Amino acid sequence: MTSLPPLIPFISPVFPAPDDIAADFATIIDSNWYTNFGPFERRFRERIEQWVGAPAHAATFANATVALMSAAVEVFGKGDGRRIVLIPSYTFAAGAEAIEWAGHKAAFIDIDEMSLQPSVAGAREALERYGTRVAGVLLCNSFGIANAQIDAWEALCQEYSVPLLVDSAAGFGSTYRDGTPLGLRGSAEVFSFHATKPMAIGEGGAVLTRDPELAARLRSAQNFGFEEMRGAQRLGLNGKLQEINAAIGLRQLDVLGDALSGRRAVLERYRQSLEPMGWTTPTGIADSSVCFATMIAPSEADRDGASAALAASRIEARHYYSPPVHEHAFFADRVRIGDLAVTRSTVGRVLSLPVHQAMSAESTDAVVAAVVQGSNW
Ligand SMILES: *Cc1c(COP(=O)(O)O)cnc(C)c1O
């Protein structure tokens with residue numbers, strides 16, 4: 001046991017200068033408008049719509065989890081526990097939890113080995129087997145990496161007439177293979193602006209959609225389901241984004257382009273050193289916002305050796321997503337499509353390395369040296 005702080009932390013969020021945040025807060029106090037769709041929230045909403053590009057319509061949220069909950073209800077409908085929503089097991093638990101809050105049951109599909117992203121074949125198998133019991137698909141652009149087969153996903157969901165919701169939580173700033181930003185696929189895409197994500201405002205989130213009516217329903221849903229003064233028109237909750245977080249978001253958007261270039265440069269340095277040694281990266285990671293550098297080791301022994309060497313050098317690294325969601329106690333009895341063989345065989349080889357938006361070559365070299373030393377079996 002060591003109580004020393006890491007020499008290289010896993011993430012290192014960069015926030016606006018305290019004076020800038022203070023100036024924004026003074027403006028908020030002047031207007032006496034702290035939340036409930038104030039001027040900062042409105043400008044932030046417009047700016048994220050512009051970032052994604054036409055025809056994007058946005059609803060901001062207090063965080064991505066309430067955004068997923070509201071979007072799950074609006075896109076899949078409120079269920080009575082009898083239907084399932086397909087989701088990969090290899091992801092963060094919030095998506096599966098949102099499915100359950102919406103009254104459906106999560107049903108886990110496998111991933112593709114090269115991309116670590118949910119497998120279209122697994123979803124097709126589930127749709128064939130469960131038919132109308134499937135209320136929808138919650139596709140995860142895991143690690144904020146765009147699914148390279150998004151066209152096939154949309155076609156599959158259209159063929160079976162099931163709605164497609166996309167969890168792009170870490171992917172604000174990522175692009176699909178055709179160069180378009182994440183945010184315009186499926187019925188809607190959900191983003192997180194948590195302090196740990198590349199686009200960080202503390203707590204915050206957003207749903208982006210091509211459908212202006214869905215965006216309007218989501219703005220209502222996050223405000224108790226109210227519309228104007230007429231009370232609850234739908235199942236709502238309180239998911240509103242505060243003005244101060246929107247103000248931070250506006251300043252973060254000004255520097256997001258530079259932050260993304262910095263992150264992609266770090267990833268590139270890791271790849272140049274580690275790919276010759278047999279490590280690989282998930283397909284499409286270079287076009288992502290690079291929330292961290294997820295690498296796939298040649299073997300579990302290499303991954304575990306590298307992890308031990310990193311820990312000994314006081315460098316923080318993570319084993320995502322371990323355990324995968326189907327192994328979490330709450331989801332233990334949920335349907336699995338097939339035996340999730342790729343999820344189970346891959347999770348032990350994945351190692352996520354630290355990425356900071358302004359990370360020195362000295363730091364990335366130290367990370368690489370530890371990985372090389374530990375994995376040289
Ligand atoms: C971070 C993350 C979330 C949760 O976002 P919050 O804003 O913290 O609620 C959900 N899904 C995925 C895939 C994530 O990476």
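Indexing begins at 1, ligand by ligand and atom by atom, following the structure's order. The figures that follow rest on heavy atoms only: side chains count, while hydrogens, waters and symmetry mates do not. Being a predicted model, the structure only gives us computed values, none of them experimental.
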Donor-acceptor pairs under 3.5 angstrom involving side-chain atoms of residues 83-98: please list them, not counting sequence neighbours.
{"from": "Arg83", "atom 1": "NE", "to": "Thr132", "atom 2": "O", "distance (Å)": "3.1"}
{"from": "Arg83", "atom 1": "NH2", "to": "Thr132", "atom 2": "O", "distance (Å)": "3.0"}
{"from": "Arg83", "atom 1": "NH2", "to": "Val134", "atom 2": "O", "distance (Å)": "3.2"}
{"from": "Ser89", "atom 1": "OG", "to": "Val325", "atom 2": "N", "distance (Å)": "3.3"}
{"from": "Ser89", "atom 1": "OG", "to": "His326", "atom 2": "N", "distance (Å)": "3.1"}
{"from": "Ser89", "atom 1": "OG", "to": "His326", "atom 2": "ND1", "distance (Å)": "2.7"}
{"from": "Tyr90", "atom 1": "OH", "to": "Tyr320", "atom 2": "O", "distance (Å)": "2.8"}
{"from": "Tyr90", "atom 1": "OH", "to": "Tyr321", "atom 2": "N", "distance (Å)": "3.4"}

| field | Same apolar cluster (I L V M F W Y, side chains within < 4.5 Å links), Met295/Ile11 | value | yes

Let me check something: any side-chain donor-acceptor pairs from residues 12-26 under 3.5 Å, sequence neighbours excluded? List them with distances.
{"from": "Asp24", "atom 1": "OD1", "to": "Arg251", "atom 2": "NH2", "distance (Å)": "3.0"}
{"from": "Asp24", "atom 1": "OD2", "to": "Arg251", "atom 2": "NE", "distance (Å)": "2.8"}

| What heavy-atom pair brings Trp33 and Arg42 nearest, and what distance separates the two atoms? | CH2-NH2, 4.1 Å

| message | Do Arg219 and Phe37 form a cation-pi contact, if we require the NZ or CZ to be under 6.0 Å from the six-membered ring centre and within 45 degrees of the ring's axis? | response | no

| message | I'd like to check the side chain to side chain donor-acceptor pair (under 3.5 Å) partners of Gln252; sequence neighbours left out, ordered by chain and number. | response | none

Note every protein N or O atom lying under 3.5 Å from an N or O atom of ligand 1, pairing the names and giving the distance.
{"from": "ligand 1", "atom 1": "5 (O)", "to": "Ser192", "atom 2": "OG", "distance (Å)": "3.3"}
{"from": "ligand 1", "atom 1": "7 (O)", "to": "Ala64", "atom 2": "N", "distance (Å)": "2.8"}
{"from": "ligand 1", "atom 1": "7 (O)", "to": "Ser192", "atom 2": "OG", "distance (Å)": "2.7"}
{"from": "ligand 1", "atom 1": "9 (O)", "to": "Ala64", "atom 2": "N", "distance (Å)": "3.4"}
{"from": "ligand 1", "atom 1": "9 (O)", "to": "Thr65", "atom 2": "N", "distance (Å)": "3.0"}
{"from": "ligand 1", "atom 1": "9 (O)", "to": "Thr65", "atom 2": "OG1", "distance (Å)": "2.6"}
{"from": "ligand 1", "atom 1": "11 (N)", "to": "Asp167", "atom 2": "OD2", "distance (Å)": "2.9"}
{"from": "ligand 1", "atom 1": "15 (O)", "to": "Lys197", "atom 2": "NZ", "distance (Å)": "2.6"}

